[in-house]
Amino acid sequence: MRKLLKTLEERFFFVLMAGSTAFLALLLLMIITIIVYKGLPSLTWEMVSQTPKGGYYFGREGGLLNAIIGSLYLASGAVALSLSISLPLALAMNVYFRNRKKLVNGIRFILDLLWGIPSIVYGAFGFTIMIYLGIRASLLAGIITVSIFILPIMVRAMDEVMKNVPLSLLESAFSLGSTRREVAFKVVTRQCFPGIITAVLLAFGRGIGDVAAVLFTTGYTDNIPTSLMDQTATLPLAVFFQLGSPIPEVQNRAYAAALILTVIILAISVATRLLSRKFHKTSIK
Amino acid sequence: MYNFVRKTKDTISEAWVKFVLMLIFLLPLVILASLLNKSWMVIQTSGIGDLLFSSVWRPMAGQFGFKPFIISSVYVTVLGLIITAPVCLLSAIYLTYYGSKRMTAFMQPIIDILAGIPSVIYGVWGVLIIVPFTGRFLAPLFGYESTGFSILSGGLVLAVMLIPFILNILIEIFRTVPHEQMEASLSLGASKWESIKHVAVRRSLPGIVSAFALGLSRAFGETIAVLMVVGNVVGIPRSPFDTGYPLPALIANNYGEMLSIPMFDSALMFAALVLLMVVVCFNLMSRYVIIFMEKRQ
């Protein structure tokens with residue numbers, strides 16, 4: 001009897017576990033299906049090739065080009081800015097100060113902390129520095145805010161790979177007379193190139209999809225930004241604003257914008273996989 | 001000459017690395033200081049106790065009681081975690097102990113993609129699926145009347161968003177359980193499930209708790225997806241089918257108006273400060289748990 005109960009318990013939990021795992025796959029399928037189903041009918045060529053025309057927000061003609069370009073500008077700028085800080089930082093943790101365990105652990109803790117801070121807090125913080133610096137809501141302010149927000153994501157992803165670089169590789173480079181800069185930027189960076197690509201794409205995806213950080217800082221406009229000081233529309237904000245409209249045509253465009261955003265995210269995900277596989281061949285095992 | 005160039009490059013890059021290092025130590029302090037500085041005005045006039053525990057919200061009259069927002073936030077967050085916890089735990093055990101290699105290889109990208117989907121997409125999905133589901137199906141089932149824009153919808157959307165986040169941490173934690181311990185348990189005649197229950201789960205209990213704590217702090221700050229489905233009506237929610245108005249949603253919804261009234265601006269920065277403090281506390285706690293765990297090993 002007890003044995004039967006034991007077997008029953010095991011079977012029961014096995015079914016539950018397999019079920020909840022299958023549920024995850026189903027969930028993703030369900031989310032993507034509903035976004036495609038709702039977005040596809042309103043996704044015309046006009047949507048991706050034109051900026052909003054007069055009366056766009058009452059359901060007349062125009063498209064989302066301003067938001068698409070704005071999002072790409074914003075995310076690329078933020079990733080570039082963040083890379084100039086996160087790469088040296090990751091190298092500092094794994095080459096320059098590799099032996100100072102306490103310092104490195106301290107940095108890891110701070111990164112964990114920064115990683116946990118919600119993007120809305122970064123948005124509020126970005127807003128305060130924006131006012132402090134005396135700039136208005138603009139592409140530049142958005143880039144600065146998003147770059148701070150994706151910084152911990154990038155460093156952690158790079159650190160994850162650089163941690164595994166064997167000490168012997170560093171030692172052999174040093175023994176050949178390399179300076180620390182050469183070891184860091186020529187040996188370790190090259191060895192971890194797939195990891196850096198992954199980190200960049202991951203951060204890009206985060207940056208392009210976030211609303212809360214840019215809500216205060218980039219503003220919104222119907223034009224494609226021509227300078228860093230221009231206000232900028234972003235895709236997630238376009239989804240958010242248009243979904244709040246009472247007019248069905250405008251709501252449908254929100255679904256189209258959501259579909260475009262999802263496609264970009266999925267493309268980034270696929271690219272990450274392909275690129276990291278391709279570059280893996282070049283690193284020393 | 002060549003060596004001189006190399007040396008100079010080395011010096012410059014070292015200076016940059018050190019500067020960046022300093023920057024990262026300063027960043028949390030700067031964030032904290034700027035939010036504190038901004039919210040100082042409202043703290044001075046209303047006092048922290050009044051801000052946190054009063055439920056009178058009249059920004060135009062200068063009365064800022066955050067209690068309704070804090071309660072909404074806690075309600076949504078805890079509900080989300082309760083819904084997501086069993087799913088995450090069960091899937092994590094399945095993927096670490098039962099799933100074949102092919103199975104894991106199939107599921108990993110799915111988890112990654114779920115983690116990468118922007119919160120606004122989860123929001124759209126919530127508006128299209130979860131809101132009608134709670135409004136037309138769940139609310140009548142429990143004898144409530146609801147439009148669907150409710151605390152429960154927020155909790156459900158949060159639960160889904162938390163899955164990849166918590167699951168990844170849990171899988172990592174289960175992987176640190178030594179094989180020898182599991183094998184020792186199996187060799188004593190325990191079944192696989194018994195070994196998991198009594199060895200793996202018990203051993204990683206602190207880790208599981210800290211994973212949930214991290215999930216909780218992440219959920220607490222989630223803004224846009226929750227904002228889209230909770231209804232955003234000021235008031236203390238009485239049931240999961242009531243509308244709510246969490247703190248992040250409050251900040252996001254009022255960003256336009258706050259500039260005209262300095263005190264309102266200050267109050268919203270105080271809300272951001274509260275979010276920051278909650279996250280810092282939960283992070284420190286889970287850090288402590290993990291250090292405690294490592295010492296015990």
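First the proteins, then the strands, lettered A, B, ... as listed; each starts at 1.
- Atom CG of A:L151 sits about 7.0 Å away from atom CG of B:L27, to the nearest 0.5 Å.
- Annotation: maximal heavy-atom pairing with chain B below 4.5 Å, among A:M17, A:E9, A:K6, occurs at A:M17.
- Listed options B:I12, B:L114, B:L128, B:I113 were ranked by heavy-atom pairs under 4.5 angstrom with chain A; first place goes to B:L128.
- With a 4.5 Å cut-off on side-chain heavy atoms, A:F109 and B:P28 do not count as touching.
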Would you check, one step at a time, whether the test side-chain contact (heavy atoms from CB on, under 4.5 Å) holds for A:L28 with B:I117? CA-CA 10 Å; A:L28 180 64; B:I117 292 180; 3.8 Å; yes
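- For A:E10 and B:K192, the salt-bridge test fails: no basic side-chain N is under 4.0 Å from an acidic carboxylate O.
- For the options A:W115, A:F185, A:F13, heavy-atom pairs under 4.5 Å to chain B are most numerous at A:F13.
- Annotation: side chain of B:K7 is not in contact with side chain of A:T179 (no heavy-atom distance under 4.5 Å).
- The interface of residues 158-165 of chain B with chain A, defined by heavy-atom distances below 4.5 Å, comprises B:V160, B:I163, B:F165.
- Interface summary for chain B: among A:F23, A:Y132, A:F97, the most heavy-atom pairs under 4.5 angstrom belong to A:F97.
- In this structure, chain A has no heavy atom under 4.5 Å from any part of B:L214.
- Listed here is the closest heavy atom pair of B:L275 and A:P118: CB-CG, 4.5 Å.
- Between A:L89 and the choices B:L21, B:L23, B:V17, the side-chain contact (heavy atoms from CB on, under 4.5 Å) rule is met once, by B:L21.
- Per-residue heavy-atom pair counts under 4.5 Å with chain B were compared for A:I85, A:T7, A:L91, and the maximum is reached by A:I85.
- A donor-acceptor pair is defined here as one N or O able to donate and one able to accept, closer than 3.5 Å; such a pair exists between the side chain of B:W16 and the backbone of A:S84.
- Neither the backbone nor the side chain of B:P86 comes within contact range of chain A, judged by heavy atoms closer than 4.5 Å.
- Only the side chain of B:L35 comes within less than 4.5 Å of a heavy atom in chain A; its backbone stays farther off.
- Side-chain contact between B:S91 and A:L24: present, with at least one pair of heavy atoms (C-beta onward) separated by less than 4.5 Å.
- When all heavy atoms of B:I24 and A:I110 are compared, the pair lying nearest together is O-CG2, 3.5 Å.
- Each of A:I35, A:I265, A:V239 was scored for a side-chain contact (heavy atoms from CB on, under 4.5 Å) with B:I121, with one residue passing: A:I35.
- Considering only heavy-atom pairs separated by less than 4.5 Å from chain B, the leading option among A:P152, A:A22, A:G209, A:G123 is A:G209.
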